[in-house]
There are 2 protein chains.
Amino acid sequence: MEIPNLAELNLLHTQICQALGDPKRIQILYALNEQPLHVTALADALHTPQPTISRHLRVLRQRALVTSRREGATVVYELADYRIIEILDMMRHILRDSLARQSNILT
Amino acid sequence: MEIPNLAELNLLHTQICQALGDPKRIQILYALNEQPLHVTALADALHTPQPTISRHLRVLRQRALVTSRREGATVVYELADYRIIEILDMMRHILRDSLARQSNILT
DNA sequence: TTCACTTATTCGCGTATCCGAATACATTGT
DNA sequence: ACAATGTATTCGGATACGCGAATAAGTGAA
């Protein structure tokens, strides 16, 4: 494992943000915040085809946002770091406050 | 100003994440965290053409991550909510811890 | 091994994003 | 009005992304 230089760190930082920039992946992260789930369970919960879920999970796994472990025939995915939910919630707060400000302006 | 429904809120949430998913825009946000700056100053600081900076600023403005105000001939941009820097820093921490875990595995 | 089930990958296509270059638009001073 | 400076937009091409459909690959039971 090499120690990443600053440029590479910025790239990884960007890739994490990119990984969050898809509604399905945000849904997946919130679902995994409730409990670890295997692929089909996620596909059912989000009413989404299994290959689509699998591809999104690959992105999240490559960015180290989720971990996977095989349990018999299924593969269980789990949040790698639950602080990612705090981050998403903080964004929600910023968004909410931003909308509130706009409402005030128009009042 | 309409009250956004849940679907629209999720869309806005995604758009914020997307806005963060570009290295130049992350650089811009960190630069604006130091002080408000006008477009040319940002372009010089980041060694980036002015139209490129202007386009990125438009994205950040549309997502309500920065605000702009005209001051004479120039337009000054400022962070709309400094918590966005906390979010970016939290991502850095998650990233750092993730890399540390990988190092331990290989040790 | 063969079947049933679960997960991952590939292919093709439509769409979105980013950038450089050129140019339009806005503001101030002369 | 005109020139100079600062900012925003458009155009064109390259690249990246997301999805549906089909299929490959991994696992467990009979």
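Within every chain, numbering begins at 1; the chains are lettered A, B, ... in the order of the sequence lines, protein sequences first and strands thereafter.
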[X] [atom1] to [N] [atom2], straight-line distance once rounded to whole Å:
X: A:Asp22; N: C:dT15; atom1: CG; atom2: P; answer: 17 Å
X: A:Leu46; N: D:dC19; atom1: CG; atom2: P; answer: 12 Å
X: B:Lys24; N: C:dT17; atom1: NZ; atom2: P; answer: 19 Å
X: A:Gln18; N: D:dG18; atom1: CD; atom2: C1'; answer: 13 Å
X: A:Ile53; N: D:dC19; atom1: CD1; atom2: P; answer: 9 Å
X: A:Leu20; N: D:dC17; atom1: CG; atom2: C1'; answer: 16 Å
X: A:Gln27; N: D:dG18; atom1: CD; atom2: P; answer: 14 Å
X: A:Ile28; N: C:dT7; atom1: CD1; atom2: P; answer: 13 Å

*Where each residue is assigned the nucleotide of DNA chain C containing its nearest heavy atom, which of A:Thr52 and B:Gln50 is assigned the position nearer the 5′ end?*
A:Thr52
*Minimum side-chain heavy-atom gap B:Val66-B:Leu29 below 4.5 Å*: yes
*Are A:Ile84 and A:Leu20 close enough that some pair of their side-chain heavy atoms sits under 4.5 Å apart?*
yes
*May I ask you to check whether A:Ser98 and A:Arg101 show a side-chain donor-acceptor distance below 3.5 Å?*
no
_Under a 3.5 Å threshold, yes or no: a donor from one side chain and an acceptor from the other, between A:Tyr30 and B:Asn10?_
no
Looking only at side-chain N and O atoms, does [X] come under 4.0 Å of OP1 or OP2 in [N]?
X: A:Tyr77; N: C:dA8; result: yes
X: B:Arg70; N: D:dG6; result: no
X: A:His56; N: D:dC19; result: yes
X: B:Thr40; N: D:dT7; result: yes

*Side chain of A:Pro51: nearest nucleotide among C:dA8, D:dG28, C:dT17?*
C:dA8
*Identify which nucleotide among D:dT7, C:dC11, C:dA21 has an atom closest to any side-chain atom of A:Arg55, counting heavy atoms from C-beta outward.*
C:dC11
*Kindly write out the residues that satisfy side-chain hydrogen bond (donor to acceptor under 3.5 Å, both in side chains) with B:Asp81, not counting sequence neighbours, or none if the list is empty.*
B:Arg83
*Name the residue closer to the 5' end of DNA chain D, choosing between A:Arg25 and A:Ala73 according to the nucleotide with the nearest heavy atom.*
A:Arg25
*What is the nucleic acid contact for B:Ser54, judged by heavy atoms within less than 4.0 Å: base, sugar-phosphate only, or nothing?*
base
